[in-house]
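Down below is the structure, laid out as structure tokens.
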Amino acid sequence: MVCEVARERAQALRRELDEHNYRYYVLDDPAVDDAVYDGLMRELQALEAEHPQLVVDESPTQRVGAKPDSAFAEVEHEVPMLSLGNAFDPQEVYDFDRRIRQRLGLPVPTQEEGEGDSAEPVAPIVYTAEPKLDGLAISLLYERGRLVRAATRGDGTVGEDVTHNIRTLRSVPLTLRGAPPMRMEVRGEVYMSREGFSALNERLEAEDAKQYVNPRNAAAGSLRQLDASVTATRPLLMFCFALGAVEGEVPESQFELLQALKSWGLRIAPEARQVQGVAGCVAFHEAMAEQRESLPYDIDGVVYKVDSLAQQRALGQVSRAPRWAIAHKFPAQERATVVENVEFQVGRTGALTPVARLTPVFVGGVTVSNATLHNMDELQRKDVRVGDTVLVRRAGDVIPEVVSVVAALRPPDAAEVQMPTRCPVCDSEVERVEGEAVYRCTGGRYCPAQWVRAVQHYASRGAMDIAGLGDKLVEQLIEAGLLTRVSDLYTLSADQLTALERMGEKSATAVLAAIDASKTRPLPRLLNALGIREVGESTAVALSRQFGTLEAIMDADLDALQETPDVGPIVAQRVAEYFANDDNRQEVARLLEVGVAPPPVPVVRGEEGESLDSGPLTGKTFVLTGTLGGRTREEAAAEITAIGGKVTGTVSSKTDYLVAGEKAGSKLKKAEKLDIPVLDEDGLEKLLKAGEQQQGDGDDG
Ligand code: IVH
């Protein structure tokens, strides 16, 4: 029996701690200092230790729990997490506003009129303008006011369960205040303040641990911890700005939604404003650009959202981005630094890319010491010389580039850059193909630089997708002499792998399993993996559909190749050349010998461009969910699309079939609700067989 006094005291302490948290994180108006807060926390901990029956999940003492089985498990988003279109200047914001007006059937002002200064003033659209935080998109699911799950955005359709880590963020309430909807998914951005980031890096430095390059990476790394007690020590914060799935009443405007989120105890960006029309948006952008450096956190632009949720619904979305919102980015940061040298990097196809080696400079959130000069034409156009002071730019995740030379600072001995006549890696001759900007090393597979990249490409996601065979491991294998052609991958042994540095038994087993699994990748992936010039993912799909098997492609002549939709004379020539080469033919034969066996693709031939308008599954839309037994979802999708079907990520009234494997969740429920036929894997198998049959018949006739 727990004494009533203890129960009541525990409750009072929890309420008080929650209140202090709310005042500190949401209102930014703390009522007590840390010592008082810590005192209350200790009292609650002592009380709960004495009476374990009093411990509840929502207690502020329970933020760090044991690692649950669900950590990092896949979470399917009930409503996809979208991304945003970008605008880089006021004109693009104006265009965005005009598109919205047209769609909503509102009068569209001519640009000269602007808004309001014409004879008949046009009422501006009301927007909510918010800072665009540079962190990680997270979804929080609250049921009856309790945080039950947190997930990352992932690819927008499927994310990862990070509940155990998000629970440790004191800025994320475990229970909501007031009267929130029964069930709602709140979306926002988890980030690290600049101050928190510096403090964390100082601590990591003192511990001799690896530091993070910028607040965004620090936030991502901190959430990626298996051990939530580590995340708990990281200064992570969250701002909320949107809802996903909701059951219950919510406000009808974005700005009111923000206020409601705040009243429920969630943090919102204090800079958010309601603004009128393009003029209001652009003024907000300017104001934020001015404040940018003095804000406590990194932002890379601002976001405008049509304020009325009714209008938002009327506008809908295109592909993965809403029509009713846009990110207005800040111009990429540029910094001056000195070109210490220009070297040439050799790519997978032998292309030599000039790269400037720079005096390290901090730009766009990272330290940059190399920047691409793209190709010789670019280099000459910008007239970059060794010793020059140049402006370097880095936008988002893009590779840093040299923007321009500061001519006034050129030293008299600045040296012009020459394209080497021999490959800096393998010393083969360098040639320039007539009419191309690119110079290439002619060493082919014998050039180590090309070879490493070729294998990396073979194992990459869009190709054979061999998980665990990372860039480093490829280099190690090549260095150890274990990999002179890709088919060698399939004869590697566990002993050979474990003999490599930093390769344990467990990883070795996993890599071998992944290599083995790659044997049955669909034909288009294998074709892409071979690295034939001009043959990327989509050409690989087209060729597979046209010929069905690798053997048929290998034996096709130029004319036959050119009959493939979207394959012109150049691509056909490259494919024919590739398979005319003895080395390549032998290597492909070896691949087949060691067990690489892409399932044949049903042939879908047709006039140019219409190949898929005529498959047996044409017009049918599929959604795949859960774990299938005999194939991965990707493989199933490839089989469906190969005979004309379409695969999407969201169940809607337009879905024709849901294919549900094991552990199917919300999509299955939704399909059942909408009365959409649900297939298990056997059902899919039958449908595919029937389709292939039908298609085969059609081909004969
Ligand atoms: S709205 C449809 N608002 O930017 C709504 N996103 O590029 C999409 N982001 O995934 C999100 N600050 O992670 C929105 N105030 C803000 C944001 C914001 C940062 C991130 C978010 C999103 C990405 C889209």
Side-chain angles (χ1 to χ4, degrees), residues 464-465 516-529 537-538 540-556 563-565 591-592 595-607 610-652 654-664 667-668 670-672 674-701:
M464 297 300 257
D465 194 12
D516 202 52
S518 76
K519 287 179 179 169
T520 50
R521 294 277 181 261
L523 180 55
R525 284 169 164 270
L526 175 60
L527 262 186
N528 175 24
E537 281 179 54
S538 64
V541 169
L543 286 168
S544 304
R545 284 182 186 146
Q546 183 79 1
F547 293 98
T549 63
L550 188 58
E551 290 82 352
I553 300 172
M554 286 175 76
D555 293 336
E563 275 168 31
T564 311
L591 279 171
L592 301 180
V596 173
V601 173
V603 175
V604 190
R605 273 191 208 148
E607 294 303 307
E610 57 139 46
S611 61
L612 277 199
D613 298 348
S614 55
L617 292 185
T618 297
K620 297 280 181 247
T621 301
F622 290 73
V623 174
L624 309 175
T625 188
T627 316
L628 301 176
R631 39 168 82 68
T632 64
R633 283 207 294 262
E634 266 174 339
E635 285 161 356
E639 289 175 66
I640 292 169
T641 48
I643 51 175
K646 194 170 131 191
V647 177
T648 69
T650 336
V651 176
S652 75
K654 295 196 190 100
T655 309
D656 293 294
Y657 296 101
L658 180 83
V659 179
E662 267 180 47
K663 295 210 194 112
K667 289 189 185 175
L668 180 56
K670 190 155 175 207
E672 285 167 350
L674 295 174
D675 247 353
I676 288 163
V678 177
L679 300 176
D680 58 10
E681 196 167 3
D682 281 347
L684 173 66
E685 188 76 46
K686 283 194 192 121
L687 199 66
L688 288 171
K689 281 255 164 67
E692 284 162 20
Q693 184 77 43
Q694 188 187 333
Q695 186 158 288
D697 297 348
D699 276 351
D700 294 342

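Along the sequence shown, the residues carry numbers beginning at 1.
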Sorted by chain and residue number, the salt bridge (charged side-chain N to carboxylate O under 4.0 Å, His left out) partners of D656 (sequence neighbours excluded) come out as none

To the nearest 0.5 Å, tell me how far I676 CD1 sits from L658 CG.
-> 7.5 Å

Quick one: do L674 and V651 satisfy side-chain contact (heavy atoms from CB on, under 4.5 Å)? Show the steps, please.
-> CA-CA 9 Å; L674 295 174; V651 176; 4.1 Å; yes

Does the side chain of F622 reach to within under 4.5 Å of the side chain of L687, using non-hydrogen atoms?
-> yes

If you take all heavy atoms of V623 and T650, which pair is closest and at what distance?
-> CG2-O, 3.5 Å

List the steps and the verdict of side-chain contact (heavy atoms from CB on, under 4.5 Å) for M464 and V596.
-> CA-CA 10 Å; M464 297 300 257; V596 173; 4.2 Å; yes

Nearest heavy-atom neighbours spanning P522 and P599 = CA-CD, 4.4 Å

Could I get the full list of side chain to side chain donor-acceptor pair (under 3.5 Å) partners for K686, not counting sequence neighbours?
-> none

E551 CD: over 12 foreign heavy atoms closer than 6.0 Å = yes

Residues in salt bridge (charged side-chain N to carboxylate O under 4.0 Å, His left out) contact with K654, at least two apart in sequence or another chain | none

Taking every heavy atom of L628 against every heavy atom of A660, the minimum-distance pair comes out as CD2-C, 4.4 Å

Decide yes or no for P524 and E537: does some side-chain heavy atom of the first lie under 4.5 Å from some side-chain heavy atom of the second?
-> no

CD on E685 to CD on E639, rounded to 0.5 Å | 7.0 Å

Heavy-atom distance under 4.5 Å between the side chains of I553 and L527, does that happen here?
-> yes

For residues I640 and L684, determine if any side-chain heavy atom of one lies less than 4.5 Å from a side-chain heavy atom of the other.
-> yes

Would the number of heavy atoms belonging to other residues, nucleotides or ligands and lying under 6.0 Å from NZ of K519 be above 12?
-> yes

What are the two closest heavy atoms between S544 and L523, and how far apart are they?
-> OG-CG, 3.6 Å

Identify the heavy atoms of L550 and L526 that sit nearest to each other, and give their distance.
-> CD2-CD2, 3.9 Å

Compare every heavy atom of A664 with every heavy atom of T625, then report the nearest pair and how far apart it is.
-> CG2-CB, 3.8 Å

Please round to the nearest 0.5 Å and tell me the distance separating atom CD of E662 and atom OG1 of T627.
-> 6.5 Å

Return yes if some donor-acceptor pair links the side-chain N/O of K667 with the main-chain N/O of V659 below 3.5 Å, else return no.
-> no

Below 4.5 Å, heavy atoms only, C-beta onward: do F547 and D555 meet side chain to side chain?
-> no

